[in-house]
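Some notes on the structure that comes next.
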Amino acid sequence: MSLALDLFTVVAVVLGAFFFLAGTVGLLRFPDSLSRLHALTKADNLGLGLIVLGLLPQATSLLGVLKLVAIWGLVQLSGATVAQVVASAIRRRQDPPS
Amino acid sequence: MAEFLLAAAGLIVATVAVGLVRILAGPADVDRTMAAQLLGTGGVATLLLVAAATEARGAEDAALCLALLAAFASIAFVVAAPRRDGR
Amino acid sequence: MTVLDLLDTGLAVLVLAVAAWTIVARSNFAAVIGFMTYGLLLSLVWARIAALDVAITEAAIGSGVTGLLLIGAAVRLRALEKSDTAGQVGGLGRVGAAVLSVLVVVALAAVFLSAEGQGPSLAPEAARHLPQFGLGNPITAVLMAYRAIDTMLEKVVLILAVIGVWSLAPDGAWGGAPANLSLAEPDPALVYLARVLPPFGIVVSIYIAWVGASEPGGAFQGGALLAAMALVVLMARLAPAPEVGRLWLRLVIVSGPVTFLAVGLLGFAIATGFLAYPTAYAKALILFIEAFMVLSIAAMLPLLVLGPPKVPGGRA
Amino acid sequence: MTATTLAGLTGAALIGLGLYGVLVNVHALRKILAFNLIGSGVFLVFGLVARRGAVAGFAADPVPQAMVITGIVVAFSATALAIGLLLRLHERRVEDAAAESDNRSDNKSDKT
């Protein structure tokens with residue numbers, strides 16, 4: 001049982017780290033700000049989400065589980081808002097109001 | 001297990017550190033903000049992994065603070081930034 | 001070299017790289033973003049050297065209020081940036097400054113490397129009296145009991161800073177409200193966040209302040225988080241910046257240090273002297289003081305970010 | 001080399017970087033940033049001192065750590081006041097410049 005859980009942790013954390021890598025590569029390689037923003041949101045949502053998912057079996061208490069889920073939820077909320085707000089800031093910059 | 005989690009933490013720090021090149025390169029300030037945002041999320045992930053690996057008391061609470069303020073820097077930037085040019 | 005060493009070395013290199021960037025960056029704005037990143041990395045370093053209380057403080061203040069303060073300043077000083085090249089330090093001056101800085105670093109590094117092994121420690125002393133206060137976190141005990149007067153005066157320093165900032169107001173605006181944080185109509189997504197996030201933020205702040213009695217955390221950290229929530233609401237323009245002449249605002253600001261002082265004076269009557277707590281009620285009294293400190297910190301930090309009053313008030 | 005020694009050396013390097021920044025940067029805002037770098041470098045040195053005081057089951061000496069927390073609060077207060085002064089000074093300069101260009105038409109202004 002514990003071996004299966006550990007394996008789950010390893011797989012989820014590796015996947016999460018992969019999405020951080022993907023987000024960073026996108027941030028560096030994509031040609032314009034909007035596509036870079038797209039890459040960034042992948043790291044925010046999937047990267048951290050998978051790492052939290054992977055750490056859940058390692059949590060030692062109910063409070064620990066609750067904290068992990070709360071952290072993921074807060075980052076989700078913030079990430080979504082930041083994507084919206086930054087995207088409209090980029091748009092404003094590209095076509096300035098007449 | 002602890003070694004693996006720490007290695008993952010190290011990998012994420014290294015990854016988002018490379019992303020910090022965007023802070024140096026820009027070109028626009030909005031790109032710099034995005035790099036900072038990525039580092040924030042990466043910081044949360046790192047703290048969580050270190051907390052699970054070393055059982056450092058309070059590392060999770062530090063991650064909770066960072067998660068709560070995850071949007072703060074980017075929003076501060078957008079709100080304060082002058083309207084027309086982002087450069 | 002273990003994985004952990006690699007992580008630590010990588011962090012140290014990153015911190016220094018970002019710090020160097022804030023010095024050499026061409027635009028103020030880029031430097032300020034670098035500085036915010038720097039605060040975040042620093043809190044990871046603090047977490048690595050067994051100073052979680054400091055890590056939480058740095059996370060709460062470094063990635064929250066400080067960033068907003070600096071960004072606001074960078075934007076308002078943008079015009080100045082381009083014109084102000086007078087007094088530029090020449091090549092020789094730069095070399096001199098670099099040599100001096102390197103010498104300082106080498107001297108300090110030599111001292112740190114030579115000081116191997118155990119240093120003097122007050123840790124056992126701090127821990128021995130912990131049960132007397134019903135606390136589990138020695139740092140909270142240091143802040144609230146052993147060196148309580150430092151903490152009380154630190155709050156007075158904050159008040160003095162607020163008075164200092166307010167006193168920079170133009171004559172006509174005295175007693176009025178500071179300028180708005182956002183220049184334009186806020187984005188709908190930001191308004192949504194400002195409605196949803198603060199309830200969670202309030203719970204987390206209270207948790208961090210409460211847990212400080214036994215685990216890393218404490219009143220200042222909780223107050224700084226609460227202050228950040230207030231600033232989110234102000235940035236979304238869900239509430240106007242308060243007029244600084246209001247009595248309630250001033251009462252909230254002084255409530256922390258005044259409660260501290262009152263309990264401290266009460267120590268003469270119910271305990272052994274100034275700022276001493278009776279053993280039976282020590283924890284309750286400490287938490288009582290901390291509750292008011294959270295409030296006054298949560299009020300003062302946003303006021304410091306908002307700056308001096310700009311708009312004439314109704315009842316100045 | 002332990003995390004603690006490394007943090008101490010990082011602190012030393014930060015003090016040096018900050019000192020260079022304070023001396024070389026012209027813009028006052030950048031001087032404030034550099035000064036904050038020196039401050040956080042000193043705080044890291046306190047972290048080293050705290051860690052050297054780790055005896056008998058304690059991870060670190062709580063007294064220097066508590067002093068760092070107080071220090072962070074005071075550093076923030078000072079930064080906020082410095083920025084307030086800087087912004088006000090800037091406003092006054094802009095106002096004076098505007099007033100001067102108004103006056104220039106009727107009398108010769110003597111610039112100070």
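Residue numbers begin at 1 in each chain, while the letters A, B, ... track the order of the sequences. None of these values were measured; they are calculated from a predicted model.
Residue B:Phe4 places its CZ atom among more than 12 non-hydrogen atoms of other residues, nucleotides or ligands, all under 6.0 Å distant.
When each of A:Leu74, A:Ile71, A:Val85 is scored by its heavy-atom pairs under 4.5 Å with chain B, the top score falls to A:Ile71. Chain A forms more heavy-atom pairs under 4.5 Å with one residue of B:Leu69, B:Leu64, B:Leu66 than with any other, namely B:Leu64. Ranking B:Leu48, B:Val44, B:Thr33 against chain A, the residue ahead of the rest is B:Leu48, based on heavy-atom pairs under 4.5 Å. The candidate with the highest count of non-hydrogen atom pairs below 4.5 Å against chain A, out of B:Thr15, B:Leu49, B:Val16, is B:Thr15. Per-residue heavy-atom pair counts under 4.5 Å with chain B were compared for A:Leu37, A:Val25, A:Val86, and the maximum is reached by A:Leu37. Chain A forms more heavy-atom pairs under 4.5 Å with one residue of B:Ala9, B:Gly19, B:Ala14 than with any other, namely B:Gly19. Chain B forms the most heavy-atom pairs under 4.5 Å with one residue out of A:Leu68, A:Val75, A:Leu55, and that residue is A:Leu55.
Contact of B:Ala35 with chain A is made through backbone and side chain together, with heavy-atom distances under 4.5 Å. When heavy atoms are compared at a cutoff of 4.5 Å, B:Leu38 approaches chain A by way of both its backbone and its side chain. Interface remark: A:Leu27 contributes backbone and side-chain atoms alike to the contact with chain B (heavy atom separation under 4.5 Å). With a threshold of 4.5 angstrom between heavy atoms, A:Phe18 does not approach chain B through any atom at all. The contact between B:Ile12 and chain A is made entirely by side chain atoms (from C-beta outward), counting heavy-atom distances below 4.5 Å. With a 4.5 angstrom heavy-atom cutoff, B:Ala52 touches chain A only via side-chain atoms. When heavy atoms are compared at a cutoff of 4.5 Å, A:Leu48 approaches chain B solely by way of its side chain, counted from C-beta outward.
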Evaluate the criterion side-chain contact (heavy atoms from CB on, under 4.5 Å) for residue pair B:Glu60 and A:Leu63; output intermediate values, then yes/no. CA-CA 11 Å; B:Glu60 278 182 340; A:Leu63 184 65; over 6 Å; no
Verdict with reasoning, A:Val82 to B:Met34, per side-chain contact (heavy atoms from CB on, under 4.5 Å): CA-CA 9 Å; A:Val82 166; B:Met34 282 193 255; over 6 Å; no
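For the side chain to side chain contact (heavy atoms under 4.5 Å, CB included) criterion with A:Phe20, the lone passing option out of B:Leu11, B:Val13, B:Thr41 is B:Thr41.
Using a 4.5 Å heavy-atom threshold, the side chains of A:Lys67 and B:Asp61 count as touching.
In this structure, CG on B:Leu68 lies 7.5 Å from OG on A:Ser78, to the nearest 0.5 angstrom.
In this view, A:Thr9 and A:Val13, A:Pro57, A:Gln58, B:Met1, B:Leu5 satisfy the side chain to side chain contact (heavy atoms under 4.5 Å, CB included) rule, not counting sequence neighbours.
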